[in-house]
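Worksheet: the structure to be examined is printed underneath.
The shown structure was predicted, so the numbers you read here are calculated from the model rather than taken from an experiment.
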Amino acid sequence: MRFDALPLVESTPATRPRIERRAVRRASGATTFYEVPSRTIIDRVPEAVGLGVSWAVSPYRGCAHACLYCAARGGHRQLGLDGERDFGSAIVVKTDAAKRLRAELAAPRWKGEPVGIGFSGDCYQEAEQVYRLMPGIIAALRDAGNPFRVMTKSALVLRDAELLAGAAEVAQVEARVSIGFVDDRLRRAVEPGAPSAQKRLELCAELGERGVPCGVLMGPILPCLTDSEDQLRAVVRRVAEAGAVSLTPMVLQLPPGAREWYLRWLAEEHPRLLPRYEELYAGGPLAGEDYRRRVVGRVNELARLYGIGARRAPWQAQRSADRQLALL
């Protein structure tokens, strides 16, 4: 008769993510939420990000939109999570964000500088339906009279349109919808959880109609994929039609964490472009300066042509053959 030896020590369990040491873990379907208290809520934004603000408030880390290029992916590694696999399904929630924000806005060292909301994860992603952190954050900024920008791709922001419009009466407030390109096939590949560009354009228009100034972050512009003259013009034209009050172009950035996954996708889907990307990003996460200057300069020229940001009625499209270049 054969006997199997019983182990004297239980097998070692898989290493748990570091975030679980201080978080309350809750599961909802395929998504895991890690609820944590905020150590700080107003964080410094590196100048290289190029979004025009030096400070950010991010109630969530990780994002259900799961964009391949998202620069926030690297932050998941610091939490012991996988920046590729977990970024869209393991969401860190700063449950006391509004309370902490009020305290930091009231601190003597705070000088009332503009802040951006939603840099490390869309502040109106699906998690916001559960946790409803944004009304408290907006109210804190409104009560302090502090200028801010809300960055989002999600129509859930319309839930707070009245609150945002009220804040705009006492401080400089702007919603910014991210629309880097209007090719929906490409959007499904690199922004798999995000709404279509058409829905985001409609969102921009509706926010404006509800009294919330709405600009567009035209980013990321993907080298060799969405940077042709026709593609740039198609985006700018449709942004103008939506009544955007501003347009901020941003070329793709590839910091560690996002770089590996994006380039892997590029190698699989567009291998002929890899040498060009290696050339453009040889110096780090930013594309070469000459390339960035040329693309950003052209977008700014087109924005002036179509009247974006001008204090006059939005440019009205004329029926012409080039309307077929919508890239849908």
Side-chain angles (χ1 to χ4, degrees), residues 17-19 43-54 56 58 60-92 116 118-122 125 151 153 176 178-181 183 185-194 217-228 231-232 235 248-296 299:
R18 287 192 297 277
I19 185 65
D43 299 315
R44 173 73 71 175
V45 177
E47 184 178 352
V49 172
L51 293 178
V53 292
S54 299
S58 295
Y60 305 103
R61 294 183 66 173
C63 186
H65 297 328
C67 299
L68 293 182
Y69 52 74
C70 185
R73 285 184 176 275
H76 260 41
R77 288 180 174 177
Q78 300 168 11
L79 304 175
L81 298 168
D82 189 304
E84 177 177 341
R85 183 186 65 250
D86 296 332
F87 185 73
S89 59
I91 311 300
V92 178
F119 280 24
S120 64
D122 195 316
Q125 61 179 292
M151 318 288 289
K153 293 183 174 79
R176 284 204 175 176
S178 172
I179 307 170
F181 43 86
D183 182 334
R185 287 182 298 178
L186 185 59
R187 190 272 309 171
R188 287 192 292 269
V190 300
E191 300 176 341
L217 172 63
M218 187 175 165
I221 298 168
L222 306 178
C224 309
L225 291 171
T226 66
D227 59 355
S228 72
Q231 291 166 315
L232 298 178
V235 177
T248 303
M250 188 176 74
V251 174
L252 174 71
Q253 298 183 14
L254 291 177
R259 186 185 190 102
E260 297 88 335
W261 199 12
Y262 180 84
L263 292 183
R264 187 183 313 147
W265 168 81
L266 193 74
E268 294 172 355
E269 300 297 328
H270 304 280
R272 62 185 177 80
L273 299 182
L274 271 178
R276 177 57 173 155
Y277 271 76
E278 291 171 356
E279 177 186 2
L280 278 174
Y281 292 92
L286 300 180
E289 185 177 355
D290 288 346
Y291 173 84
R292 284 185 285 121
R293 186 186 300 114
R294 175 166 51 82
V295 172
V296 169
V299 172

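Listed here is the closest heavy atom pair of Gly121 and Gln125: C-NE2, 3.9 Å. Of all the heavy atoms in Pro249 and Ile221, the pair that sits closest is CB-CD1, 4.2 Å. The shortest heavy-atom contact between Asp227 and Gln231 is N-OE1, 3.4 Å. Taking all atoms of both residues into account, the shortest heavy-atom contact from Pro271 to Ala267 is CB-O, 3.4 Å. Across every non-hydrogen atom of Cys70 and Ala258, the tightest pair is O-CB, 3.3 Å. Annotation for Asp122 and Tyr60: closest pair O-CD1, 4.0 Å, computed over non-hydrogen atoms.
Below 30°, between 30° and 60°, or above 60°: for Tyr277 and Tyr262 the angle between ring planes is between 30° and 60°, a tilted geometry.
Looking only at distances, a side-chain donor or acceptor of Arg73 sits under 3.5 Å from a matching main-chain atom of Ala66. Proximity of a side-chain donor or acceptor of Arg292 to a complementary backbone N or O of Val251 within less than 3.5 Å is not detected. Within the 3.5 Å criterion, the main-chain N or O of Gly257 finds a donor-acceptor partner in the side chain of Glu260. Checked by atom type and distance alone, the side chain of Arg259 pairs as donor or acceptor with a backbone atom of Tyr281 at under 3.5 Å.
One finds the CD1 atom of Ile19 at 12.0 Å from the CG atom of Asp86 (value rounded to the nearest 0.5 Å). Atom-to-atom distance recorded for His270:NE2 and Leu222:CG is 9.0 Å, nearest 0.5 angstrom. For the atom pair CG (Leu225) and CZ (Phe181), the distance works out to 9.0 Å, reported to the nearest 0.5 Å. To the nearest 0.5 angstrom, Leu280 atom CG is 11.5 Å from Leu286 atom CG. To the nearest 0.5 Å, atom NZ of residue Lys153 and atom OG of residue Ser178 are 4.0 Å apart. Here the NE2-CZ distance, from His76 to Arg85, works out to 10.5 Å after rounding to the nearest 0.5 Å.
More than 12 heavy atoms of other residues, nucleotides or ligands shown are found within 6.0 angstrom of CZ on Arg44.
A salt bridge links Arg276 with Glu279: at least one charged nitrogen is closer than 4.0 Å to a carboxylate oxygen.
Remark: Asp43 engages no residue in a salt bridge (charged side-chain N to carboxylate O under 4.0 Å, His left out) (not counting sequence neighbours).
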